[in-house]
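First the structure, in the form of structure tokens, and then the observations on it.
Naming: A, B, ... by sequence-line order, numbering from 1 per chain. Treat the numbers as computed from the prediction; the structure is a model and nothing was measured.
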Amino acid sequence: MQESIDSKKYFSTELLEWYERSKRDLPWRRQRDPYYIWVSEIMLQQTRVDTVIPYFQRFIERFPTLNDLAEAPEEEVLKCWEGLGYYSRARNLQAAARQVVERHGGVVPANKADVAALKGVGPYTTGAILSIAFNQPEPAVDGNVMRVLSRYFLIRDDIMKTGTRTLMEELAAGLIPRGRAADFNQALMELGALVCTPKSPQCLVCPVMAHCAARIEGAEDILPVKSKAKPPRPEYRLVALVEGDGEHAGRVLVRRRPDAGLLARMWELPHIPAAAVAGEGAGLPDGPAMDRLAAGLAAAGVAAEPVEAFMDAEHTFSHIHWNLRVFRFREAEDSSVSSGLGAGLAAAEASAAYESDPVAVETTTAEDSAEYRWITPEDMEELAFPNVFLRILKQYAPLWK
DNA sequence: AATGCGGGGAA
DNA sequence: TTCCCAGCATT
């Protein structure tokens, strides 16, 4: 066991020394403001540092203090998060900021129970905030840390299992040098990001290579053990890009998604599921599809005539792969009834769902009081769209007038 | 314990 | 193109 203790001591000491030399200059490392640390940690969930940096800068510029965030309209927070993904992070972050204002006078709490109680803050982020912002000796075990520890200590447990994270937390807690929690936890993650990478780890420049058990065994390439996620299921959808006419000239029809579920409360172009297509890779249906879309729009209070099939788009979420076919429509003279918008496409949605899955129709029928709007390009600056619709609208931009 | 929830970068 | 990355909430 003496061997193990020495190996741990060596690990922590060498790692800290390496971090002092190698740490990156990141925007949220320039001061130790708990609010900044918190925002950065939420953004960094499932997201690389390079992607986060510009978002972090804009976010802090727009919401410099926790109070600013708490008081802002939710749409502005979502707009600031547009393109970053996992939008419940943004909504939870703001809800938690309001929590802090109400329960803690606007000051980020410095104890475990209160931090862990914040919306969107789980075991990892709790540890990250307490250690990085307050230098408290709490472990912060993310994917980087599990990869580093699984290799250095030759741990073959599947890191996708809940129990493995608990094990790693206990191990990580015991490695934190007294008084150095902030630097040590960041050092661990930095090593995982820069040296002990998922593929082709840079062992030759690793500060702890000499005692890395996986390296000694030649097992660094097969660790960590990780069960694979299910592949995303394909989904085919028909999208309507409706150009307004008359009082809606120069505008395009968009709608806001429901309060919960996929892309909650984000804006999008109207779309309905395509009926299931027989055969593998048969692609999207064409002629009848456009008619169904038109019928849906008509029932929604928008009379529109098809112009052309505009483009195809694909987008992969973690669990769904969207195949989209976008049709341009032109609003017809006498439409423009703005009350009653919504019911039509909801019906189309239900009927299409029935074609592809008769059993599921009950679940998709009733709801949908979706909010529809005719927007100008300038309105895009205020409404948050998922990337896939941004791509479509960007393609359309030259024609939008 | 299993599932829902985005998007980007590297091979 | 295809593959890989992976915290938190909910059920």
Side-chain angles (χ1 to χ4, degrees), chain A residues 38-55 78 80-96 99 115-129 139-150 157-166 168-169 172 185 189 192-194 196-202 221-235 257-268 281 312-324 363 384-392:
Chain A
W38 179 14
V39 170
S40 71
E41 288 301 337
I42 299 297
M43 286 188 172
L44 286 164
Q45 290 168 9
Q46 333 292 351
T47 313
R48 330 172 96 78
V49 165
D50 289 343
T51 305
V52 164
I53 288 173
Y55 279 92
L78 269 184
C80 222
W81 211 272
E82 179 184 74
L84 198 54
Y86 286 122
Y87 300 97
S88 66
R89 291 184 297 174
R91 292 184 283 109
N92 285 336
L93 175 59
Q94 189 187 30
Q99 245 178 289
V115 171
L118 298 172
K119 277 197 128 190
V121 176
Y124 162 72
T125 311
T126 299
I129 292 173
V141 175
D142 70 349
N144 288 309
V145 173
M146 287 201 281
R147 185 169 58 252
V148 170
L149 296 183
S150 73
D157 302 68
D158 183 347
I159 63 168
M160 294 300 275
K161 303 261 188 224
T162 313
T164 305
R165 203 209 69 234
T166 310
M168 297 278 187
E169 281 175 349
N185 282 353
M189 293 186 271
L194 299 180
C196 197
T197 47
K199 280 179 290 187
S200 311
Q202 307 295 300
D221 285 331
I222 61 165
L223 290 175
V225 172
K226 188 182 176 187
S227 52
K228 291 195 192 309
K230 284 196 313 187
R233 68 172 188 274
E235 225 178 80
R257 295 184 59 88
D259 289 343
L262 184 69
L263 302 170
R265 292 184 225 180
M266 301 287 284
W267 291 85
E268 65 179 5
D312 286 347
E314 289 184 49
H315 188 71
T316 308
F317 303 95
S318 23
H319 57 308
I320 304 172
H321 181 84
W322 267 359
N323 296 277
L324 306 180
T363 65
F385 288 81
N387 265 354
V388 59
F389 294 106
L390 288 177
R391 286 203 306 274
I392 294 167

**Item:** Side-chain heavy atoms of Val49(A) within contact of Met189(A), under 4.5 Å
**Value:** no

**Message:** A side-chain contact here means heavy atoms from C-beta on lying under 4.5 Å apart; do Ser227(A) and Met160(A) qualify?
**Reply:** yes

**Prompt:** Touch check for Asp50(A), heavy atoms < 4.0 angstrom, all strands: base, sugar-phosphate only, or nothing?
**Reply:** nothing

**Message:** Go nucleotide by nucleotide along DNA chain B from the 5' end; which of Arg391(A) and Lys230(A) gets its closest nucleotide reached first?
**Reply:** Lys230(A)

**Asked** With a 4.0 Å cut-off on heavy atoms, is Lys226(A) in touch with a base, just the backbone sugar-phosphate, or nothing at all?
**Response** base

**Message:** Tell me the interatomic distance from Arg165(A), atom CZ, to dC8(C), atom P, rounded to whole angstroms.
**Reply:** 8 Å

**Between dC5(C) and dC5(B) - C1' atom distance, rounded Å** = 15 Å

**Item:** Lys/Arg-Asp/Glu bridge criterion (N-O < 4.0 Å) met for Arg265(A), Asp259(A)
**Value:** yes

**Item:** Short side-chain N/O contact from Asn387(A) to OP1 or OP2 of dG8(B), under 4.0 Å
**Value:** yes

**Asked** Quantified in whole Å, what is the P atom distance between nucleotide dG6(B) and nucleotide dT11(C)?
**Response** 16 Å

**Asked** When the distance from NE2 of His319(A) to P of dC5(B) is rounded to whole Å, what number comes out?
**Response** 4 Å

**Request:** For Ile320(A), report the nucleic acid contact type (base, sugar-phosphate, nothing); a contact means any heavy atom under 4.0 Å.
**Result:** nothing

**Asked** Starting at the 5' end of DNA chain C, which residue's closest nucleotide do you reach first, Thr126(A) or Arg48(A)?
**Response** Arg48(A)

**Nucleotide nearest Tyr124(A) when distance is taken to its side chain, options dG7(B), dG7(C), dA6(C)** = dG7(C)

**Asked** How do Thr162(A) and Ala264(A) order along DNA chain B: which one's closest nucleotide is nearer the 5' end?
**Response** Thr162(A)

**Asked** If you look at every strand shown and take non-hydrogen atoms under 4.0 Å, does Ser318(A) touch a base, only sugar-phosphate, or nothing?
**Response** base

**Message:** With rounding to the closest Å, how many angstrom separate the C1' atoms on dA10(B) and dG7(C)?
**Reply:** 22 Å

**Message:** For a 4.5 angstrom cut-off between non-hydrogen side-chain atoms, does Arg391(A) reach His315(A)?
**Reply:** yes

**Request:** Decide yes or no for Thr47(A) and Tyr86(A): does some side-chain heavy atom of the first lie under 4.5 Å from some side-chain heavy atom of the second?
**Result:** no

**Item:** Pairwise C1' distance, dT3(B) and dA6(C) [rounded to whole Å]
**Value:** 14 Å

**Request:** Remember a base hit wins even if backbone is also touched, and classify Arg91(A) as base, sugar-phosphate or nothing at under 4.0 Å, heavy atoms.
**Result:** nothing

**Message:** What is the distance, to the nearest angstrom, from the CD atom on Glu82(A) to the P atom on dG7(B)?
**Reply:** 9 Å

**Item:** Atom-pair distance (NZ on Lys199(A); P on dT2(C)), nearest Å
**Value:** 15 Å

**Item:** Nucleotide dA6(C), atom P - distance to CE of Met146(A) in whole Å
**Value:** 8 Å

**Item:** Among dG7(C), dG7(B), dA6(C), the nucleotide that comes nearest once only the side chain of His315(A) is considered
**Value:** dG7(B)

**Request:** Indicate, with a heavy-atom threshold strictly under 4.0 Å, whether Val121(A) touches base, sugar-phosphate, or nothing.
**Result:** sugar-phosphate

**Request:** Could you tell me whether the side chains of Thr125(A) and Gln45(A) share a donor-acceptor contact shorter than 3.5 Å?
**Result:** yes

**Request:** Give a yes or no on whether a donor-acceptor pair under 3.5 Å exists between the nucleobase atoms of dG7(C), that is its base, and the side chain of Gln46(A).
**Result:** yes

**Atom-to-atom span, CZ of Arg89(A) to P of dG6(B) - whole angstrom** = 9 Å

**Request:** Could you check how far CG of Leu262(A) sits from C1' of dG4(B), rounded to whole Å?
**Result:** 9 Å

**Prompt:** Got Arg91(A) and Trp81(A) here, is their nearest side-chain heavy-atom distance under 4.5 Å?
**Reply:** no

**Request:** Give Tyr86(A) one of three labels, base, sugar-phosphate or nothing, depending on what nucleic acid heavy atoms sit under 4.0 Å from its own.
**Result:** base

**Complete:** Met160(A) CE to dC5(C) C1', in whole Å, measures 10 Å

**Prompt:** Heavy atoms under 4.0 Å, any strand shown: does Thr125(A) hit a base, just sugar-phosphate, or nothing?
**Reply:** sugar-phosphate

